[in-house]
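Before any comments, here is the structure.
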Amino acid sequence: MSVSTEARMRLAILGGRPHFPRPLHVGAPNIGDRERLLQRIGTILDTRRLSNFGPNVRLFEDMVAARAQVKHCVAMCNGTVALEIGARALGLAGEVIVPAFTFVATAHALAWQGIRPVFCDIDPVTHLIDPQKAEALITPRTTGILAVHLWGRPAPVDALQEIADRHGIRLMFDAAHAFGCSHGQRMVGGFGDLEVFSFHATKFLNSAEGGAIVTNDDELARRARLMSNFGFTGLDRVEALGVNGKMNELSAAVGLNSFESMEEWLAVNRRNMDAWREALAPLRGISLQATDGRNRHNHQYVVCEVEAEQAGLDRDQLVEALRAENLLARRYFHPGCHRMEPYRSHPPAGGWDLPCTERVGRRVMVLPTGTAVSTRDIALAGELMGRILDEAPAVAAAANASPSRAEAKP
Ligand code: T4K
């Protein structure tokens with residue numbers, strides 16, 4: 001059946017059958033060569049070396065550091081713990097400025113250790129923290145800025161560094177989305193005092209669960225490693241407060257396997273991005289976020305914005321219609337951390353002033369990509385979106401009546 005014939009079936013939200021027989025997820029993991037992974041796991045089992053800085057973790061760290069062009073990599077059990085340990089290793093306390101338009105782990109990693117996240121607004125086009133607005137939030141209690149390379153797009157690193165230096169505060173980057181991305185010729189990894197990657201299953205390069213702190217600062221790297229292993233400096237010798245943040249050998253084996261397929265996955269993401277660009281181009285009111293050709297990009301997130309007036313239905317109604325088709329588009333990072341607990345219940349005097357975060361949070365829709373998604377899937381999705389727009393009034397009404405839509409309301 002041709003894509004156009006498939007797309008002509010009745011829309012699922014209007015009573016038809018879903019056009020996609022299996023769910024298409026944002027974040028379905030990329031899986032590397034199975035045989036190679038099983039071999040690696042076999043060796044781990046044979047040698048009985050399962051954790052505590054084993055050979056797979058050490059090799060993974062070397063490969064991450066080389067790719068990010070940075071001196072040190074300390075692998076961790078996940079990105080959130082890496083953020084927590086990074087903030088501690090930097091001595092962050094009091095208040096830290098952070099964008100509200102990010103995955104909630106960025107803010108939680110601070111709040112979890114008694115640091116107050118002070119939410120900053122974003123640039124409405126790039127979705128990245130606005131440096132001028134960040135500077136305006138600095139108070140005597142501010143110890144740092146935690147910026148995010150959202151969607152793999154580098155944050156305004158130079159402006160932020162200049163502000164941090166001028167105010168004598170630390171600068172840390174949440175680079176969870178940005179492994180393999182660059183700011184011009186410089187790879188993400190060596191900016192600020194330290195950066196944090198996530199290698200969660202849903203990420204471009206995954207180790208099932210995993211993360212890392214990367215830095216060019218010898219002392220910070222030493223401290224982060226110490227903190228990730230209870231503060232042990234030798235057998236029975238503890239020299240600092242620490243937790244268990246270590247990556248295990250099985251995760252590292254998955255990570256090493258991912259490295260071997262990384263270029264292939266990058267090519268798939270690029271191909272899919274081109275296919276999405278083509279599929280969305282004719283659609284009114286749906287625009288794909290542009291990527292900056294001067295930077296390297298992993299194209300892990302396909303991010304678009306829905307302009308309700310032009311499209312004839314809003315982002316939430318469109319997401320509902322797509323989900324009915326088994327195309328599980330996401331509303332990342334709606335409604336913004338400031339509207340999630342515990343932050344929602346503790347606004348500053350006068351409330352949060354984040355107009356761009358609010359606006360972008362209402363418009364952004366993230367679409368599936370990665371090796372589980374074919375160009376044919378994308379072409380069908382494009383045709384379906386065209387049909388949804390053509391039947392916008394009926395679709396909007398059906399979406400409003402849907403029970404999951406009611407649940408999804410903030
Ligand atoms: N900072 C930022 C900016 C981040 O985006 C993240 C994580 C972090 C920090 C923290 O890093 P980690 O501690 O996670 O290493 C997901 C991920 O869980 C999270 O890692 C990620 N960001 C965030 C953007 O997305 P959910 O709740 O949206 O994921 P979930 O479980 O709905 O997964 C997405 C879809 O992927 C699922 O619907 C099904 C599919 N999937 C998922 C997994 C885990 C699979 O097919 N197989 C799988 O194994 O948060």
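Index from 1, following the sequence. Atoms within a ligand are numbered from 1 in the order they appear, just like the ligands themselves.
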Tell me if the centroids of the rings in His108 and Phe103 come within less than 6.0 Å of each other.
no
Hits for side-chain hydrogen bond (donor to acceptor under 3.5 Å, both in side chains) against Asn56, two or more places apart or cross-chain, chain-then-number order -> Glu249
Return the set of residues passing side-chain hydrogen bond (donor to acceptor under 3.5 Å, both in side chains) with Asn78 (not counting sequence neighbours), or none when no residue passes.
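So Asn78 forms no side-chain hydrogen bond (donor to acceptor under 3.5 Å, both in side chains) with any residue.
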The single option from Gln39, Arg40, Arg36 that satisfies side chain to side chain donor-acceptor pair (under 3.5 Å) with Asn257 is Arg40
Sorted by chain and residue number, the residues having a heavy atom closer than 4.0 Å to an atom of ligand 1 are His25, Val26, Gly27, Ala28, Pro29, Asn78, Gly79, Thr80, Leu83, Thr102, Phe103, Ala105, Thr106, Asp174, Ala176, His177, Ser198, His200, Ala201, Thr202, Lys203, Gly210, Tyr301, Arg330, Tyr332, Phe333
Could you go step by step and tell me if Phe204 and Phe179 meet the ring pair (Phe, Tyr, Trp, His ring centres under 6.0 Å) rule?
CA-CA 8 Å; Phe204 166 60; Phe179 187 70; 7.3 Å; no
Inter- and intrachain pairs under side chain to side chain donor-acceptor pair (under 3.5 Å), touching residues 60-69, at least two apart
Glu61-Arg225, Arg67-Glu263
